Amino acid sequence: MAFKVNDGERGGWSVLLVSGELDLVTSPVLRQRVHDVVADGHHSLVVDLSEVLFCDSSGVGVLIAARRLIRSCQGHLRVVLPAQGAVDGSHVNRVLGALGVRRLFDVYPDVMTATEESPEEEADPLSA
């Protein structure tokens, strides 16, 4: 499966749908897309990783950097990590859990749930 990042909007949120393998070669593409969204003035972002088949440490680094960037703009980042997805279970979900960084993200099972509440209704992000 080729790596792709598709974008869209839903309920006041910018949405990036990522598919394929998120690794050393492809992670700069996602990093750039996140920066482009923020540069366009969108500070409420959902990153849908339900179609990501593999994620290495460089992919995790991009997610952590995206969190830091969005928070620096007083924005909100939500990540879609279904318990079952991308074939036999969310690889990214397992990787983030194993590294102990899953707790850093607001995780939702699907885009619809992640975008139900408008960004304006969300509480201020906590520091950490």
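Bear in mind the structure is a predicted one, so any value in this text is a computation, not a measurement.
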Rounded to the nearest 0.5 Å, the CZ atom of Arg94 sits from the CZ atom of Arg102 at a distance of 12.5 Å
Is it the case that the side chain of Asp56 and the backbone of Leu24 share a donor-acceptor pair, with hydrogens and angles ignored and the cut-off at 3.5 Å? yes
Is there a donor-acceptor pair under 3.5 Å between the side chain of Asp110 and the backbone N or O of Met112? yes
Ignoring hydrogens, what is the shortest heavy-atom contact between Phe3 and Val18? Give both atom names and the distance. CE1-CG1, 3.5 Å
Applying side chain to side chain contact (heavy atoms under 4.5 Å, CB included) to Leu22 and Val92, what does each step give before you reach the verdict? CA-CA 9 Å; Leu22 184 55; Val92 182; 5.8 Å; no
Spatial distance of atom CG (Asp106) from atom CZ (Arg67) [nearest 0.5 Å]: 8.5 Å
For Gly12 against Ser44, the heavy-atom pair lying closest together: O-CB, 4.1 Å
Do Ile64 and Val101 come within less than 4.5 Å of each other through their side chains, counting heavy atoms only? yes
Donor-acceptor check, side chain of Thr26 to backbone of Glu21, threshold 3.5 angstrom: yes or no? yes
Quick check for you: to the nearest 0.5 Å, what is the distance between Lys4 atom NZ and Leu16 atom CG? 14.0 Å
Quick one: does any side-chain atom of Arg78 pair with a main-chain N or O of Ala114 as donor and acceptor, under 3.5 Å? yes
Please answer: with hydrophobic residues joined when any side-chain heavy atoms are less than 4.5 Å apart, are Val37 and Val29 in the same cluster? yes
With sequence neighbours left out, what residues match Gln32 under side chain to side chain donor-acceptor pair (under 3.5 Å)? Asp36
Atom pair CG/CZ of Leu104 and Arg68 - distance to nearest 0.5 Å: 10.5 Å
For Val46 and Thr115, run side chain to side chain contact (heavy atoms under 4.5 Å, CB included): C-alpha distance rounded to whole Å, both residues' side-chain angles, the deciding distance at 0.1 Å, then the answer. CA-CA 8 Å; Val46 174; Thr115 58; 3.9 Å; yes
Does a side-chain heavy-atom distance below 4.5 Å link Cys55 with Val60? yes
Spell out, as yes or no, whether a donor-acceptor pair under 3.5 Å connects the side chain of Arg10 to the backbone of Val15. no
Minimum heavy-atom distance between Ile70 and His76, given as atom pair plus value: CG2-N, 3.2 Å
Quick one: which of Val47, Leu81, Val79 gives a side-chain contact (heavy atoms from CB on, under 4.5 Å) with Phe105? Val79
Minimum heavy-atom separation for Leu69 and Ser72, please, with both atom names. O-OG, 2.6 Å
Between Leu49 and Leu63, is any pair of side-chain heavy atoms under 4.5 Å apart? yes
Closest non-hydrogen contact found for Glu117 with Trp13 is O-NE1, 2.8 Å
For a quick test of reading the model, state the closest non-hydrogen atom pair linking Asp23 to Ser58 and the distance between them. C-OG, 3.0 Å
If you group Ile, Leu, Val, Met, Phe, Trp and Tyr by side-chain heavy-atom gaps below 4.5 Å, do Leu17 and Val5 land in one group? no
Using side-chain heavy atoms (C-beta onward) and a distance below 4.5 Å, is Val38 in contact with His43? yes
